[in-house]
Protein chains: 2
Amino acid sequence: MARRIGIKDVAAAAGVSVTTVSYILNRVEGKRASAETRQRVWQVAEELGYKLNNLARGLRTQRSQTIGFIGDEIATTPNSGRIILGAQDAAAAQGMVLLLVNTGGDEELERRSIEMLLQRQVDGVLYAAMYHRVVELPESLRSTPTVLLDARCEDPAVPFVVPDEVQGGHTAVRELIEHGHRRIGMTIGVDDIPALQGRIEGYRRALEEAGIRYDPSLVAAEKAVRIGTPAGDADAGYRAARRLLIMEERPTGLFCFNDRMAAGAYRAAAELGLSIPGDLSVVGFDNQELVSETLYPALSTVQLPHYEMGARAVTQLLALTGTPDSPPGPVTQEMLHCPLVARASVTSPPRL
Amino acid sequence: MARRIGIKDVAAAAGVSVTTVSYILNRVEGKRASAETRQRVWQVAEELGYKLNNLARGLRTQRSQTIGFIGDEIATTPNSGRIILGAQDAAAAQGMVLLLVNTGGDEELERRSIEMLLQRQVDGVLYAAMYHRVVELPESLRSTPTVLLDARCEDPAVPFVVPDEVQGGHTAVRELIEHGHRRIGMTIGVDDIPALQGRIEGYRRALEEAGIRYDPSLVAAEKAVRIGTPAGDADAGYRAARRLLIMEERPTGLFCFNDRMAAGAYRAAAELGLSIPGDLSVVGFDNQELVSETLYPALSTVQLPHYEMGARAVTQLLALTGTPDSPPGPVTQEMLHCPLVARASVTSPPRL
DNA sequence: CACGGTTGGTGAAACGATTGGCCAACCCGG
DNA sequence: CCGGGTTGGCCAATCGTTTCACCAACCGTG
């Protein structure tokens, strides 16, 4: 196989020095070259099929044009793929590429993974912990620009991007209220994650705004048996919804902590002979299309802006480290808007 | 910030040459060093917190310890995350890391993406096209070891790993037959992808084996309206299933092309007052847990071995390029077994 | 014609590792 | 004391870029 051709081959073929070639190919400002030379170099480079060697450049410039993405459970939650996608797109737009590692939540593995990233001189790191958790930043990342994804950290110096759970919960419940519902239940699991607190807060605020008294008996918590699995959530959602629906004065609207729990609510409703949305309106959270779209009628839900989160995180990171165009900026912490995705599971409450 | 410390710092601190440090740290065979020196170097490296610079090493050795992963629709299909995960795990086990790019199916973007990978001197490439399609390998990848993932290629010189769709279809239908079903329908979409042909083939073989005549009227094809979306598939699955279930002599078992279509079948059954699995047994394909587990009763289905595919692809790639331990091997093309995931949607047919 | 300013470059030292070739010192038998 | 093998280790080139520092030639001007 023919040796890969480098900058010096181009220089030789064009009859100039490598310095000149480098200047021209990189469009370095302030360095002059005649239009003719410039033209010739480009052409020769093209003809020879010159490809930059990023390892060599990185060695010299101390920037690898590479971003490390470290996730504790890549793809365990399906939508996390969208985070990666968003990050990758934003990175690619700046000529950067994502270096992916996964830790499966294992400390030791995480250490090794981070090491592999640092060894490769990543320009920065995206540290993604699914489910909007509170985490602490591994020591080894202290010295590299890092932004947290779907997670936050005690230390205020660490930038992050998370979904605005409160606004999301508020939006979900508002959708019910606007359709005329006054008696609105909520079904939740029992894990104490920030996401849960936020969504409950949103629920309460929306009620309050509408002048509806908050009734604790309308929020039903059930523990998932097989925790974290779709089946576990759906089952917990079923039990929680059932409890609410057999109440004396049952709610006409239901806000479910997530789409999986909403699936359980559908089952509970069906079992009790309640039709959706005729007898019961339901709104979920997450917009996992595999659930929200395959349910019938399709589930109205609030979307977790995964793609945007990935994209914003990269943008933040790049702002942090500075790009050729712009200087390094300040640490930012961002909460992203969660839009409503209205489908067919919400309508006016039945007249009594 | 203190300059990162390099091999020469270690050498200086240990009072030896960089050559010696390199030999020791890399455990180069055939190069001798006294036990004492060895010990000292390790210790000094540890104390100073020496970290290898992979860019520099890669520049010298012409291996970046990096694998490019290029997908046309990363994470569009949720389980594709599992492919990446499998690949990442297998790579990490060999000290390699995945460089991720996505093309969104755009030719131009693909070209640029591949370029970015090659620029970074990846040791090999995983080219993943979701949905087991037939693709042709981009010209620019010809000169780099590449293995196809969930895709195949006309050229027999290109290694690939795909699921064994025929076996999968066979397994699905066998599950029904073993429970006593003789009248088994199949619901499919209309896209002509290899996956479809394979699964149909598996269906026919299983019937044949059991001495059941193949009846074309029992395979119902419906075109998805919003193609590719879960809602589209579910809807097509609903229509197809409905057609079969209102037949004079309706099937007692249903093999659905995928889990989304199975979700549609559930709806059709419910609408017609048929209970699952009492009146109708259903088996899906893909094992998208978000669907198969949130359906009620939980869906028996055949699993696409995404994780293993990713892992095997990396193994193949590494075999192809050769590792320190083993020499480069031959091109291999692999079909992976699709196991049955039995849940609650299959039982014996109702007695008539 | 001497001089300062521009134009259009060039040379060579990094960056941080790997590795082929060389070599001094020691040991041991004869 | 010589010769040859082994031990333990070092020199310097190299990988492909970037970039600092320098410079020859030319041009217009006073």
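As the structure is a computational prediction, the values presented were derived from the model and not from experiment. Sequence lines set the chain letters: A, B, ... in the order given, protein chains first and strands last, and positions in each chain run from 1.
Chain A approaches DNA chain C within less than 4.0 angstrom (heavy atoms of the protein), and the contacting nucleotides run 5' to 3' from C:dT7 to C:dG16.
With distances taken from any side-chain atom of A:Leu52 to the nucleotides D:dA21, D:dT17, D:dG16, the minimum falls on D:dT17.
For B:Thr19 against D:dC11, a side-chain N or O and a base N or O form a donor-acceptor pair under 3.5 Å. The base of D:dT18 has none of its N or O atoms less than 3.5 Å from a complementary donor or acceptor on the side chain of A:Arg57.
Rounded to whole angstrom, the span from the CZ atom of B:Arg60 across to the C1' atom of D:dT17 amounts to 16 Å. Taking atom CD1 on A:Ile5 and atom C1' on D:dT17, their separation rounds to 14 Å, with Å as the unit. We find that CZ of B:Arg40 is positioned 12 Å from C1' of D:dG8, with the value rounded to whole Å. Rounded to whole angstrom, the span from the CZ atom of B:Arg38 across to the P atom of D:dT7 amounts to 12 Å. Atom pair B:Leu55:CG and D:dT18:P shows a separation of 13 Å (rounding to whole Å applied). Atom CG of A:Leu59 and atom P of D:dG16 are 12 Å apart (whole Å). As a whole-Å value, the separation of A:Gln121 CD from D:dT17 P is 18 Å. Atoms CG (A:Leu25) and P (D:dT19) sit 14 Å apart, rounded to a whole Å.
Put simply, the residue from B:Arg38, B:Arg32, B:Lys31 that forms a side chain to side chain contact (heavy atoms under 4.5 Å, CB included) with B:Tyr23 is B:Lys31.
Electrostatic pairing of B:Asp106 and B:Arg111 does not count as a salt bridge here, judged by no charged N lying under 4.0 Å from a carboxylate O. Under a 4.0 Å N-O distance rule, the pair B:Arg4/B:Asp9 does not qualify as a salt bridge. Salt-bridge formation is not detected for the pair B:Arg112/B:Glu115: no Lys NZ or Arg NE/NH1/NH2 atom is positioned less than 4.0 Å from an Asp or Glu carboxylate oxygen.
Listed for the A:Thr146 side chain is a donor-acceptor partner under 3.5 Å among the backbone atoms of A:Thr144. Looking at A:Gln316, its side chain never comes within 3.5 Å of a backbone N or O of A:Pro159 through a donor-acceptor pair. Here the side chain of A:Arg40 pairs a donor or acceptor atom with the backbone of A:Ala14 at under 3.5 angstrom. Checked by atom type and distance alone, the side chain of B:Arg120 pairs as donor or acceptor with a backbone atom of A:Gln65 at under 3.5 Å.
Between A:Ala56 and A:Ala33, it is A:Ala33 whose nearest contact on DNA chain C lies nearer the 5' terminus. In terms of position on DNA chain D, the residue among B:Gln62 and B:Thr37 whose nearest nucleotide sits closer to the 5' end is B:Thr37. Sequence order on DNA chain D of the closest nucleotides to A:Arg32 and A:Val28 puts A:Val28 first from the 5' end.
As judged by a 4.0 angstrom heavy-atom cut-off over every strand, A:Asn26 is placed among residues touching the sugar-phosphate backbone only. A:Ser22 comes within 4.0 angstrom of a base, heavy atoms only.
Remark on the helix from C:dC1-D:dG30 to C:dG30-D:dC1: inter-end axis angle 70°, axes from five-pair C1' superpositions, rounded to 10°.
Judged purely by distance below 3.5 Å, without hydrogens or angles, the side chains of A:Arg63 and A:Asn54 never pair a donor atom with an acceptor atom. Between B:Ser17 and B:Thr20, the side chains place a donor N or O and an acceptor N or O closer than 3.5 Å (distance only, hydrogens not considered).
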